[in-house]
Amino acid sequence: MLNPSLEQRQVRIEKLNKFEEMGINPYPNIFKPNTTSDELNEKYKDLENGIETEDEVIVAGRIKAIRNSGMFIDVYDTTGKVQVYSSLKTLPEQELAKIDLFDIGDIIGVKGTVRRTKRGELSIAAKEFSMLSKSLLPLPEKFHGLTDVETKYRQRYVDMITNDDTVQTLKKRSLITAEFRKCLIEKGILEVETPILQPILGGANAKPFVTHHNTLEMDMYLRIAPELYLKRLIVGGLDGVFEIGRLFRNEGLSIKHNPEFTTLEVYWMYKDYFDMMDLCEELVKRSCMVANGTLQIKYGEKEIDFSQPFERRTMASLVKEHVGIDFMAIETDEEAKEKCKGVVEVNEADTWGDLMVRVFEERCEEKLEKPTHVMDHPISSSPLTKTHRADKRVVERFETYINGWEIANAYSELTNPLDQYNRFKDQVNRREAGDEEANMMDEDFCTALEYGMPPTGGMGIGMDRLCMILTNSPSIRDVIAFPTMRKLK
RNA sequence: GAGUGUGUAGCUCAGUCGGUAGAGCACCUGACUUUUAAUCAGGUGGCCCUGGGUUCGAAUCCCAGCACGCUCACCA
């Protein structure tokens with residue numbers, strides 16, 4: 001990738017040397033612009049065409065275009081474009097010489113006076129140029145920009161310099177995360193940090209990355225979820241905790257999956273899953289608003305409307321509506337298997353709950369484009385969740401679907417230590433039966449619960465996927481600055 | 001992991017039936033104090049992803065590999 005023999009690079013190094021011969025450091029330590037493109041456009045929005053002011057300003061930014069042999073230079077700062085105008089008649093020799101040494105991509109500073117050209121472009125009539133950073137490599141073509149996706153992901157800096165959309169998406173991601181923090185902190189929920197290196201895997205079903213600690217002489221896992229640590233903090237007496245952090249899952253990559261991804265996990269004392277639904281909606285709506293300024297957005301061709309309350313539907317009712325099977329009226333596993341034949345694959349060992357989940361995932365999930373909380377999952381699929389207060393067959397859990405994707409997963413947290421122990425045992429059995437993704441026994445977590453954990457609501461939200469939706473990004477790689485890529489050989 | 005597509009100048013892309021490697025932008029030289037994808041004239045720039053094979057001759061056909069995209073499977 002680094003190509004020292006590139007002719008254009010050689011030319012630029014020669015120009016760099018010429019700056020040094022002129023006694024100019026092409027990489028100075030400091031430079032202070034005193035305004036920005038945005039500020040100038042606002043302040044001089046009423047300046048008429050062809051009018052020159054005496055107002056002297058200092059701007060700085062990257063050269064994106066040079067026209068008319070340097071007479072017009074487009075300098076972009078972080079807020080936008082400033083056109084720099086240079087007159088052969090008024091500029092001293094030394095300044096004109098600098099223009100000849102400028103290239104597209106250079107970062108320069110310009111001192112000059114504000115004017116608007118005859119054609120209506122707000123400009124700085126240059127008096128003095130400063131080279132702030134000589135760029136040695138040619139940028140992608142101005143019209144098409146950088147489109148090669150591999151280069152976009154591997155050299156995100158080039159993508160950002162060239163494509164403003166990329167910058168805007170990453171900025172929005174930052175705004176979304178910041179709004180999440182703001183919203184949670186406002187409610188008195190504390191931001192905490194829990195181990196990423198974990199000796200026991202837990203809190204989710206997933207294949208882990210394994211690493212090794214030399215001094216401790218033990219293998220460790222990169223976390224697949226922070227859940228069990230966060231709940232220990234609730235046991236300890238923090239009444240609300242959240243963590244926005246990276247999870248690692250050693251599974252396939254796709255347009256919706258990156259090996260490392262970011263979630264919010266939040267646990268809140270004396271709340272249940274209904275409270276978590278409210279919190280979920282507030283977080284999504286507020287972050288949509290800061291990113292887009294509206295609650296009605298487009299994702300591709302689809303319209304997504306966050307202005308209404310999210311739908312709240314039980315999994316069973318959705319299955320009944322879309323497929324016609326009424327699981328709540330089914331009494332036994334055998335009857336469930338009978339009803340599902342010809343609808344989904346049915347295995348001998350399947351339970352009532354396995355089948356309801358399968359029918360839901362295969363026949364209902366992708367239809368949930370409107371924001372919807374899917375509630376009351378079967379107990380078998382949810383080892384950390386409290387049983388439903390009114391129906392022992394299901395748990396107090398919901399998953400929030402937007403655009404057919406699972407965005408949030410939340411429950412009334414299981415707090416009964418004996419129940420929890422048995423559910424871990426069940427997971428361990430599954431693991432021993434070959435299920436690599438089943439939870440491990442976490443005895444210390446059970447011990448924590450034995451000291452007593454108050455009724456608590458918990459929720460996880462996939463930040464990457466939410467960002468995809470809120471930034472109209474077709475791939476998870478578009479919302480991750482540096483997505484996982486294979487090493488180049 | 002399976003299927004499929006792509007890989008040619010710094011960037012965006014052409015390249016016909018297998019017969020000397022092309023364009024636009026960028027860069028260099030010159031013209032022009034005019035612009036906004038500035039224009040005009042001339043020029044530089046290539047491991048045609050890598051390695052084999054077929055052939056008198058391969059960017060092109062065949063085989064293998066590498067990287068990336070997409071679809072499917074696992075998964076959030």
Side-chain angles (χ1 to χ4, degrees), chain A residues 1-12 14-15 63-75 81-91 96 99-100 103-105 117-123 125 135-155 158-159 161-163 203-208 224-225 246-265 361 365 399-402 404-409 435-437 460-466 468 474-477 483-489:
Chain A
M1 218 174 282
L2 201 56
N3 182 4
S5 65
L6 181 67
E7 186 192 346
Q8 293 192 41
R9 184 169 177 270
Q10 300 294 350
V11 169
R12 285 168 180 237
E14 281 163 27
K15 290 178 179 175
I63 297 175
K64 294 271 182 79
I66 303 175
R67 287 184 297 280
N68 298 29
S69 314
M71 184 181 183
F72 297 104
I73 299 175
D74 287 346
V75 173
K81 177 171 95 167
V82 182
Q83 177 171 276
V84 174
Y85 167 81
S86 299
S87 166
L88 288 178
K89 292 167 192 148
T90 57
L91 271 180
L96 291 172
I99 294 175
D100 286 338
D103 285 296
I104 290 170
T117 64
K118 281 178 283 188
R119 307 240 176 160
E121 182 88 23
L122 191 66
S123 305
S135 167
L136 300 183
L137 294 171
L139 285 172
E141 185 219 359
K142 60 191 164 194
F143 190 58
H144 298 92
L146 179 67
T147 62
D148 181 79
V149 285
E150 184 173 354
T151 310
K152 277 165 71 77
Y153 298 148
R154 287 194 191 276
Q155 294 181 274
V158 181
D159 185 24
I161 292 167
T162 314
N163 300 317
N205 302 323
K207 294 192 194 88
I224 58 171
R246 209 73 60 86
L247 307 187
F248 306 86
R249 298 192 184 172
N250 206 340
E251 290 162 352
L253 288 77
S254 84
I255 206 162
K256 287 192 322 202
H257 299 85
N258 196 64
E260 50 180 314
F261 61 105
T262 301
T263 63
L264 159 76
E265 285 210 14
E361 285 179 349
E365 201 174 273
E399 291 177 306
T400 305
Y401 284 82
I402 301 172
W405 305 344
E406 186 193 331
I407 295 297
N409 180 22
D435 182 354
E436 278 181 82
E437 299 185 2
I461 293 183
M463 299 303 291
D464 308 273
R465 285 190 186 173
L466 180 63
M468 287 171 70
S475 169
I476 196 168
R477 295 187 189 104
T484 304
M485 301 289 278
R486 204 182 292 265
K487 186 175 164 187
L488 288 175
K489 293 190 176 169

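What you see below is based on every heavy atom in this structure, not just the backbone, and it leaves out hydrogens, waters and symmetry mates. Every chain is numbered from 1, with letters handed out A, B, ... down the list of sequences.
- The residue D100(A) sits apart from the nucleic acid: no heavy atom pair falls under 4.0 Å.
- Note: NE2 (H144(A)) to P (A14(B)) measures 10 Å, nearest angstrom.
- Put simply, CG on L253(A) is 16 Å from P on A73(B), counting in whole angstrom units.
- R12(A) approaches L136(A) most closely through the heavy-atom pair CD-O, 3.3 Å.
- Looking at heavy-atom distances under 4.0 Å, T117(A) makes contact with a base.
- Counting distance only, with no hydrogens placed and no angle test, the side-chain atoms of Q8(A) and the base atoms of A26(B) include a donor-acceptor pair under 3.5 Å.
- Here K15(A) lies in heavy-atom contact (under 4.0 Å) with sugar-phosphate atoms only.
- In this structure, F261(A) packs face-to-face on the six-membered ring of A76(B), meeting both the 5.5 Å centre cutoff and the 30° plane limit.
- Taking the P atoms as reference points, C62(B) lies 41 Å from A76(B), given to the whole Å.
- At A26(B), none of the side-chain N or O atoms of R9(A) fall inside 4.0 Å of OP1 or OP2 (strictly under the cut-off).
- Base engagement by E141(A) is indicated by at least one non-hydrogen atom pair under 4.0 Å involving a base atom.
- Regarding I104(A), its CD1 atom lies at a distance of 15 Å from the P atom of C11(B), rounded to whole Å.
- Within the 4.0 angstrom heavy-atom criterion, no nucleotide atom of any strand lies near N409(A).
- Between K142(A) and A26(B) there is a side-chain polar atom (N or O) within less than 4.0 angstrom of OP1 or OP2.
- Summarising the geometry, the separation between CG on N250(A) and P on C74(B) is reported as 17 Å, rounded to the nearest angstrom.
- Counting any heavy atom pair closer than 4.0 Å across all strands shown, T147(A) reaches sugar-phosphate atoms only and no base atom.
- Across all strands, I255(A) comes closer than 4.0 Å only to sugar-phosphate atoms, never to a base (heavy-atom distances).
- Distances shown here put a side-chain N or O of R154(A) below 4.0 Å from the OP1 or OP2 atom of C68(B).
- The side chain of R465(A) places no N or O atom within less than 4.0 Å of a non-bridging phosphate oxygen (OP1 or OP2) of A76(B).
- Pair check for G30(B) finds C40(B); Watson-Crick or G-U wobble, both atom distances under 3.5 Å.
- Taking the charged nitrogens against the carboxylate oxygens, R67(A) and D74(A) do have a contact shorter than 4.0 Å, which makes a salt bridge.
- Contact check, K152(A) against U12(B): no side-chain N or O comes under 4.0 Å of OP1 or OP2.
- When the P atom of A9(B) is taken as reference, atom CD of Q10(A) falls 19 Å away, rounded to whole Å.
- In this structure, G462(A) reaches neither bases nor backbone, as no heavy-atom distance under 4.0 Å exists between it and the strands shown.
- Distances shown here put every side-chain N or O of R12(A) at or beyond 4.0 Å from the OP1 or OP2 atom of C27(B).
- Between R67(A) and U39(B), a side-chain N or O to OP1/OP2 separation shorter than 4.0 Å is absent.
- Taking atom C1' on both U55(B) and U60(B), the two are 13 Å apart, rounded to the nearest angstrom.
- Rounded to whole angstrom, the span from the CD atom of Q155(A) across to the P atom of G10(B) amounts to 13 Å.
- Counting non-hydrogen atoms under 4.0 angstrom, G145(A) reaches the backbone sugars and phosphates but no base.
- Separating the CE atom of M71(A) from the C1' atom of A38(B) is a distance of 11 Å, rounded to the nearest angstrom.
- Residue contacts for Q83(A): at a heavy-atom cut-off of 4.0 Å it reaches a base atom on one of the strands shown.
- Ionic pairing of E121(A) and K81(A) is present here: one or more N-O contacts between side-chain nitrogen and carboxylate oxygen are shorter than 4.0 angstrom.
- E121(A) comes within contact range of at least one nucleobase, with a heavy-atom separation under 4.0 Å.
- Rounding to whole angstrom units, CZ of residue F143(A) and P of G24(B) are separated by 16 Å.
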